[in-house]
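So the structure is just underneath, and the comments pick up after that.
Predicted model only: the values in this text are computed from it and were never measured.
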Amino acid sequence: MSKGSHTPPLRSLRHKKRKNKPIPLNDLFEALGKGEPSALARAITIVESTKPEDIETAQRLIALCLKVNRTSIRIGITGVPGVGKSTFIETFGSHLTTMGKRVAVLAVDPSSKMGKGSILGDKTRMEALAKNPAAFIRPSPSKDTQGGVTQSTRESILLCETAGFEIILVETVGVGQSETLVHSMVDFFLLLQLAGAGDELQGLKRGIMEMADAVVINKADGNNMAAVQNAITEFRNALHLYPPKANQWSPKVMQCSALYNTGIDALWELIETFMEHTKANGHFERNRQEQQKNWFLQTVERELGLRFFNQPLVQQQLEHYLEQVAANRIAPVAAALELLRLDQTTN
């Protein structure tokens, strides 16, 4: 796709936006298929919206996108805060664009539990990649979503693929209690780790280690190399204790320095080997099918929760039960069952 092919739809979309007129769905889908960054940004805004009219538009748009042939690679990137995820993604993404790849980054910023706000500073932290015409960066607030991703991350992945991005990088909030949700929507799961920060395995969730397709020790530079080698040995020994993975892949432990751009090319070669391996044994397609099923089931679960709490009688009695539970007048499980029965009486 030539750079010049962007210009007419981009002007058209911006012109319509200035007039505050909604973009016709077919026009938006067509511009999205041409890889227009403005159309992609607008489409993601729509799927993230909670307005009833936008929800309906989003559903129709996603239905169209599902019919588009997709050949992307979805890579989840997680790690503890401070491990250098943003620097790594900028270096890794830039490396991929030099190979002629189009890279989309879906970066999730943690929202404040008090003010519900989010900094959304990923474009600032990935300044060079943000200016790269072959890359697209979309920071989104996590809000109250568990699992290190947003409620619309799956939809955003689909939109990026429809816009022609070949590599989708999903940066998560950080290793936490429910971080592993990202594993249900990617092809390759990458765990970034640090060396020399004490016991590398201490506090690391077993489930995350079991799901990792590769563990990469970042910041392998300067005086840190001895600690990096020790960390690599520890992680390799730990991975041998886990049962075989469903994809018949043996997780690898590698090192890199995102700051000095070392080890990045070797990592990409590893991911290509992984893709060849999983496509050959059929796991890639089975995994994509499971992702669709998980998307369906988790959407049902989320919608049921929203509809339940929006019931007038439930809203009226919720505070009462919260106070009773806090005062130890009723057990939490008993209170929950009573509240659920209230909802049944209204139907």
Would V68 end up clustered with V47 when hydrophobic side chains under 4.5 Å apart are linked, directly or stepwise? yes
With sequence neighbours left out, what residues match H277 under side-chain hydrogen bond (donor to acceptor under 3.5 Å, both in side chains)? N281
Return yes if some donor-acceptor pair links the side-chain N/O of R102 with the main-chain N/O of F136 below 3.5 Å, else return no. no
Would you find more than 12 non-hydrogen atoms of other residues, nucleotides or ligands less than 6.0 Å from N310 atom CG? yes
Under the salt bridge (charged side-chain N to carboxylate O under 4.0 Å, His left out) test, which residues partner K51, sequence neighbours left out? none
Closest non-hydrogen atom pair, G79 against K85: O-NZ, 3.1 Å
With sequence neighbours excluded, what pairs up with T87 under the side-chain hydrogen bond (donor to acceptor under 3.5 Å, both in side chains) test? none
Among residues at least two apart in sequence or on other chains, which ones pass side-chain hydrogen bond (donor to acceptor under 3.5 Å, both in side chains) with R288? D187
Give me the ring orientation class for F189 and H183: parallel if the planes are under 30° apart, tilted from 30 to 60°, perpendicular past 60°. perpendicular
Co-members of the apolar cluster containing L304 [side chain, <4.5 Å]: F296, L297, V300
Do you know which two heavy atoms are closest between E171 and A107, and how far apart they sit? OE1-CB, 3.3 Å
I want to check something: taking the side chain as every heavy atom from C-beta on, are F165 and L40 in contact at a cut-off of under 4.5 Å? yes
Does any non-hydrogen side-chain atom of L169 lie less than 4.5 Å from one of L106? no
With E56 via salt bridge (charged side-chain N to carboxylate O under 4.0 Å, His left out) - residues at least two apart: none
State, with a plain yes or no, whether a side-chain heavy atom of L61 is found less than 4.5 Å away from one of L28. yes
Can you give me the closest heavy-atom contact between T97 and A134, atom names plus distance? CG2-CB, 3.9 Å
Pair listing, salt bridge (Lys or Arg N to Asp or Glu O under 4.0 Å) test, anchored in residues 275-284, at least two apart: none
Okay, side chain of Q291, backbone of V186: is any donor-acceptor separation there less than 3.5 Å? yes
Determine whether L32 and C65 make a side-chain contact, defined as any pair of heavy atoms from C-beta on separated by less than 4.5 Å. yes
Pairs in or reaching into residues 59-70: which pass side-chain hydrogen bond (donor to acceptor under 3.5 Å, both in side chains), with residues at least two apart or in two chains? R70-E161
Rounded to the nearest 0.5 Å, how far does CG of L190 lie from CE of M254? 9.5 Å
Between L259 and W268, is there shared hydrophobic-cluster membership here, with clusters defined by ILVMFWY side-chain heavy atoms closer than 4.5 Å? no
Please tell me whether I89 and Y260 are part of a single hydrophobic cluster in this structure, the criterion being side-chain heavy atoms less than 4.5 Å apart. no
Rounded to the nearest 0.5 angstrom, the CG-CG distance for L191 and N218 is 11.5 Å
Tell me, do Q255 and I232 make a side-chain contact under 4.5 Å, heavy atoms counted? yes
Might you point out which heavy atoms bring M209 and A238 nearest each other, and give the distance in Å? CE-CB, 4.1 Å
Any donor-acceptor pair under 3.5 Å linking the side chain of T262 with the backbone of A258? no
Checking R138 against V105 for the side-chain contact (heavy atoms from CB on, under 4.5 Å) test, could you report, in this order, the C-alpha distance in whole Å, the side-chain angles of both residues, the deciding distance, and whether it holds? CA-CA 6 Å; R138 175 69 179 213; V105 180; over 6 Å; no
Examine distances only and state if a side-chain atom of N237 and a backbone atom of T233 form a donor-acceptor pair shorter than 3.5 Å. yes
How far apart are the C-alpha atoms of T278 and R286, what are their side-chain angles, what is the distance that settles it, and do they pass the side-chain hydrogen bond (donor to acceptor under 3.5 Å, both in side chains) test? CA-CA 10 Å; T278 54; R286 289 194 300 272; over 6 Å; no
Quick one: list whatever passes side chain to side chain contact (heavy atoms under 4.5 Å, CB included) with A336, sequence neighbours left out. none
Would you say I46 and I55 are hydrophobically clustered, going by side-chain heavy atoms of ILVMFWY under 4.5 Å? no
Side chain N224, main chain A220, donor-acceptor under 3.5 Å: no
Check the pair D213, K252 against salt bridge (charged side-chain N to carboxylate O under 4.0 Å, His left out), reporting the backbone distance first and the verdict last. CA-CA 7 Å; D213 296 304; K252 306 298 187 290; over 6 Å; no
Working to the nearest 0.5 angstrom, can you tell me the gap between C256 SG and I264 CD1? 4.5 Å
Closest heavy-atom pair and its distance - K245, P251: CD-CG, 3.4 Å
Sequence neighbours left out, what passes side-chain hydrogen bond (donor to acceptor under 3.5 Å, both in side chains) with S49? Give chain and number order. D54
State, yes or no, whether a side-chain contact exists between W249 and P244 at a heavy-atom distance under 4.5 Å. no
Spacing of CZ belonging to F92 relative to CG belonging to L267, to within rounding of 0.5 Å: 5.0 Å
When hydrophobic residues are tied together by side-chain contacts of less than 4.5 Å, even through go-betweens, does M275 share a cluster with I167? yes
Minimum heavy-atom distance between G76 and V182, given as atom pair plus value: CA-CG2, 4.4 Å
Starting from the C-alpha separation in whole Å, work towards a yes-or-no answer on side-chain contact (heavy atoms from CB on, under 4.5 Å) for I217 and L194. CA-CA 5 Å; I217 313 300; L194 290 173; over 6 Å; no
Determine, stepwise, if the pair W295 / L158 fulfils side-chain contact (heavy atoms from CB on, under 4.5 Å). CA-CA 12 Å; W295 184 0; L158 186 61; 4.1 Å; yes
Within residues 88-101 or reaching into it, pairs that qualify as salt bridge (Lys or Arg N to Asp or Glu O under 4.0 Å) - sequence neighbours excluded: none
To the nearest 0.5 Å, what is the distance between CG (L159) and CZ (R42)? 13.0 Å
Can you tell if the side chain of Q289 reaches within under 4.5 Å of the side chain of N294, non-hydrogen atoms only? no
Using modelled atom types and a 3.5 Å cut-off, is there a donor and acceptor pairing between side-chain atoms of S152 and backbone atoms of E155? no
Is there side-chain contact between I157 and V170, with heavy atoms separated by less than 4.5 Å? yes
Under the side-chain contact (heavy atoms from CB on, under 4.5 Å) rule, what do R74 and R154 come out as? Steps first, then yes or no, please. CA-CA 11 Å; R74 305 168 182 174; R154 285 184 176 84; over 6 Å; no
Identify every side-chain donor-acceptor pair in residues 312-335 under 3.5 Å, counting partners at least two apart or on other chains, and give the distances.
unit_1, atom_1, unit_2, atom_2, d
Q315, NE2, F309, O, 3.2
Y321, OH, E338, OE1, 2.8

Between E30 and K34, does any side-chain N to carboxylate O distance fall below 4.0 Å? yes
Quick one: pull up CG in L25 and CG in L64 and give me the separation to the nearest 0.5 Å. 5.5 Å
